Amino acid sequence: MTKYVYFFGGGQADGASGMRNLLGGKGANLAEMTSIGLPVPAGFTITTEVCTAFYANDRQYPAGLIQEVSEHMARVEQLMGKKFGDRTNPLLVSVRSGSRASMPGMMDTVLNLGLNDETIRGIIDQSKDPRFAYDSYRRFIQMYANVVMGLKGDILEDIFEELKEDRGVDLDTELTADDLKQLVGLFKNKVKETLGTSFPENPQDQLWGAIGAVFGSWMNPRAITYRRLNNIPATWGTAVSVQSMVFGNMGNDCATGVAFTRNPSTGENLFFGEFLVNAQGEDVVAGIRTPQPINMAGGDGSLPSMEEVMPESYAQLMTIQQTLEKHYHDMQDIEFTIEKGRLFMLQTRTGKRTATAAIRVAVDMVREGLISQKEAILRVSPEQLDQLLHPSLDPKAEKQVIAKGLPASPGAASGEVVFYADEAESAAREGRKVILVRIETSPEDIHGMHAAQGILTTRGGMTSHAAVVARGMGKCCVSGCGDIRVNYEKELFVATGGVTVKKGDMLTLDGSTGQVMLGKVPTVQPELTGDFGTLMGWVDSVRRLKVRTNADTPHDAKVARNFGAEGIGLCRTEHMFFDAERIMAVREMILAEDLEGRTNALAKILPMQKSDFLGLFREMKDLPVTIRLLDPPLHEFLPQTEAEIVDLAKVMKVPPQTLHAKVDSLHETNPMLGHRGCRLGISYPEIYDMQVQAIIEAACELVKNEGFSIIPEIMIPLVSHVNELAVLRKNAIRVADEVIARYAVKVEYLIGTMIELPRAALTADEIATEAEFFSFGTNDLTQTCFGLSRDDAGKFLPSYVDQEILPEDPFVAIDQNGVGQLIQIGCEKGRKTRPAIKLGICGEHGGEPSSVIFCHKVGLDYVSCSPFRVPIARLAAAHAVLLED
Ligand code: PEP
Ligand code: MG
């Protein structure tokens, strides 16, 4: 018989940390903590298999589950010396979700379950604290009505606020036991009145209602969105942990808190966290009250720390956090509760961290002997590196700081202020950059947080929803910014200094300092030294794939070299033609009536092209540089407006009508499949001749005069048939050899092609007879393999991904089954003809981690990507090797 329920308590557990697929992260770690002797309240975990079966079986539980749950409840009762539903000595439990991957705040939780009008008596007698008892009861009704019964969040909250107003108090803690008792009655009446059903009194009904709600929350919209953003499959399911309650809200010798074994923003090896005296966990996470630091090192002295207020519990917690790090060999994120001076652990999980922290923790842990270099490399995700590679605020820039909050998630961001998540999303869709400003965020805001450049909240600490989620997303976030007051209705906020910021105003956040600035503040490029350099050194010693960059200018080439590029894999020469000084000559060339006209115009372009290549070669020293001959259809260079046509007509000394006619004649119905790439080289050989001449002259000059030893790689685009390449290669060799003879130097060069059409991949054995290298142009290869226009796919492809028709946008991550097969065939056939052929990729996929891993697997020699993605590709290439082991 399948076991559906796993027990933990009293130092023994059925599960272990390795069973997270079955027990979810929370359940597996509760079991593990119990086994290693940490104080964990007893409980049990219902497996993720039950969740999967529940959805596969029309929301029915598997047979035997109810019996198994009640047996495990009896074991918990025995251990705790209390009984679930008992009127004198009742056991109360929490019911929580826990999936394989952590999904903070995405699914539902119910606390204080088991309370009713009878068991409350027992709680009052046991605790001798009616105020606490009724506060727990009203919290339970609020949570249960909201999570399980589906009552709208604010309905009960409004009654709560009304009562406070009526009693003339500001804080929840100022309400008396009688007030809270009255609230319980009012809440129940409101539930009945609004939903038409009574609040359940029977603890068994409550328990199964909550279990059903947690399983149900696996399919709530915010959980679905979170899974989509984090690539978590729906089939994983969630587990449900039922655990005896311990109370952090029974008085001033009670507390609850959240902590990280190291600083999750900076990675510093310093125990770091927050706690609240006399509170339940929800109060810390929701950011309703501003928490206090757990230790003196983590605070600014304005609020007393746990280290000072509860020194004994702090010392115990310190020992536990050290035990956990040594046990798990990673930074942990823990939750704890202190009930009447006794410390209990409620959760441990791998702590989410910023990229800066990930690198620092990984490098430090190698130094501390906790992990190996290989483990350190695998600890940093390539996607996450992106955060580090973006600019930070220019320290020299003038800033108008209007407020300061907590530095919740580092990085700098500027954008227009918006106050609602939906608005952030629609603005981002229009390409506008926004800062989302909220009093506090909740899981409903997740899509807006994703769309925004940065997040600013007025409430909540370093472990609030906004802070945790922003760090996970690598977004800059300033939280708990009490210096501003948000008015949602008027869509503005006012800073204490009196500055009013309205929707649409430009704002800058610095998530590393917590500063909020008016306007847009200039930024500077990141410094990639220290721990980053150390880690990347290990990365480079492991990887086999080389990493080049796509660069069209010496500036890009320089940036890429700083990021570790080992050559240029693609220089798109057409980008050099758009310069204001050149475009006229290019247009003249395109619109010339005959060969002579074209040759005259090309003669003007030649020196400019040559200087471009000199610049690139110099910047790259003797690293390989692949230069692609002209690729796009010619009409892309032509004047569009009437004024531009008139100007050009004057330069060319022809009537504007003649130009009009020429522009019209170059119009194509489907230019992406039209007169472009090598087809231009076949029609107008003089264009490619000029480019080859410029490349080889630049190389000869540097070799002859400056001692370089460059081997330029000339790349011919959009080849579909070997005969195209044969003609163009012959031309290129003729021109190149003439130049070399003229300079009388020894310069070698390679001629190769892009594989970016299915026919080229399928006939790569033939094409390789004429090519010394292949570079897979996966942008066009994806376009032509799918028959999906690169320029139009944006209109419908996102909905394909939303509907899971495609797992991912194939222009972002290589479609391994389809496009990937073409690459594989291309490699095999190319190598068959020419075993030493150089193989690379230069489509956008060259910097996307899963695609880089694929490129490693099929045995490419290098990937080439945009400069800012070079470190990402280097790290992904090392992961590819380590994941193979
Ligand atoms: C490609 O098609 O993958 C490629 C690199 O060329 P472009 O994007 O310039 O068409
Ligand atoms: Mg292409």
Side-chain angles (χ1 to χ4, degrees), residues 547-553 556 560 565 567-578 624-637 668 670-681 687-688 691 713-720 724-725 728 752-761 764 767 771 773-794 809-816 818-820 822-823 826-827 838-848 851-852 854-855 858 860-867 869-870 873:
V547 178
R548 297 196 193 180
T549 189
N550 294 356
D552 312 324
T553 63
D556 285 355
I568 290 179
L570 172 64
C571 164
R572 292 178 164 105
T573 49
E574 60 269 19
H575 291 171
M576 299 167 159
F577 288 1
F578 282 102
V625 175
T626 307
I627 295 166
R628 177 176 77 185
L629 304 186
L630 195 68
D631 180 50
L634 295 181
H635 74 87
E636 282 191 12
F637 302 101
E668 290 181 301
N670 197 344
M672 269 290 175
L673 300 178
H675 201 180
R676 61 170 282 219
C678 68
R679 299 159 197 172
L680 291 173
I687 300 178
Y688 278 14
Q691 292 194 294
E713 301 176 354
I714 298 167
M715 181 153 80
I716 296 175
L718 215 78
V719 164
S720 59
E724 293 172 306
L725 189 58
L728 294 171
T753 185
M754 294 188 71
I755 302 289
E756 49 186 343
L757 294 172
R759 192 179 190 286
I767 291 180
F773 65 87
F774 285 168
S775 179
F776 290 91
T778 44
N779 302 333
D780 273 309
L781 196 58
T782 300
Q783 163 165 270
T784 49
C785 177
F786 274 89
L788 193 64
S789 160
R790 277 160 82 164
D791 303 323
D792 302 308
D809 181 336
F811 289 107
V812 174
I814 284 181
D815 155 51
Q816 300 188 10
V819 178
L822 288 172
I823 297 175
C827 289
K838 262 206 220 185
L839 300 173
I841 174 177
C842 63
E844 284 309 300
H845 305 88
E848 189 280 321
S851 310
V852 173
F854 174 81
C855 292
V858 297
L860 295 192
D861 297 304
Y862 68 87
V863 296
S864 186
C865 56
S866 60
R869 289 166 98 185
V870 167

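This one's a predicted model, so the numbers in the text were calculated from it and none came from an experiment. Values reported hereafter were calculated over all heavy atoms of this structure, with side chains retained and with hydrogens, waters and symmetry mates removed. For ligands, and for the atoms within them, numbers begin at 1 and follow the listed sequence.
Every protein residue with a heavy atom nearer than 4.0 Å to ligand 1 is included here: Leu570, Arg572, Arg628, Asp631, Arg676, Met754, Glu756, Gly777, Thr778, Asn779, Asp780, Arg790, Cys842, Gly843.
Between the side chain of Glu724 and the backbone N or O of Cys678 there is no donor-acceptor pair closer than 3.5 Å. In this structure, Thr573 contributes its side chain and Arg628 its backbone to a donor-acceptor pair below 3.5 Å.
Using a cut-off of 4.0 Å between Lys/Arg side-chain N and Asp/Glu carboxylate O, Glu844 and Arg869 are scored as salt-bridged. Asp631 has no carboxylate O lying under 4.0 Å from a charged side-chain N of Arg679, or vice versa, which leaves the two without a salt bridge. A salt bridge links Lys838 to Glu713: one of the charged nitrogens lies within less than 4.0 Å of a carboxylate oxygen.
Minimum interatomic distance between Gln691 and Phe577 (heavy atoms only, all atoms of both residues): NE2-CZ, 3.9 Å. A pairwise comparison of heavy atoms in Tyr688 and Ile716 identifies CE2-CG2, 4.4 Å as the closest pair.
Between Phe776 and His845 there is no side-chain heavy-atom pair separated by less than 4.5 Å.
Ser864 and Asn550 share a donor-acceptor pair across their side chains, judged by distance under 3.5 Å alone.
Counting only protein N, O or S atoms closer than 2.8 Å to the Mg ion (ligand 2) gives 2.
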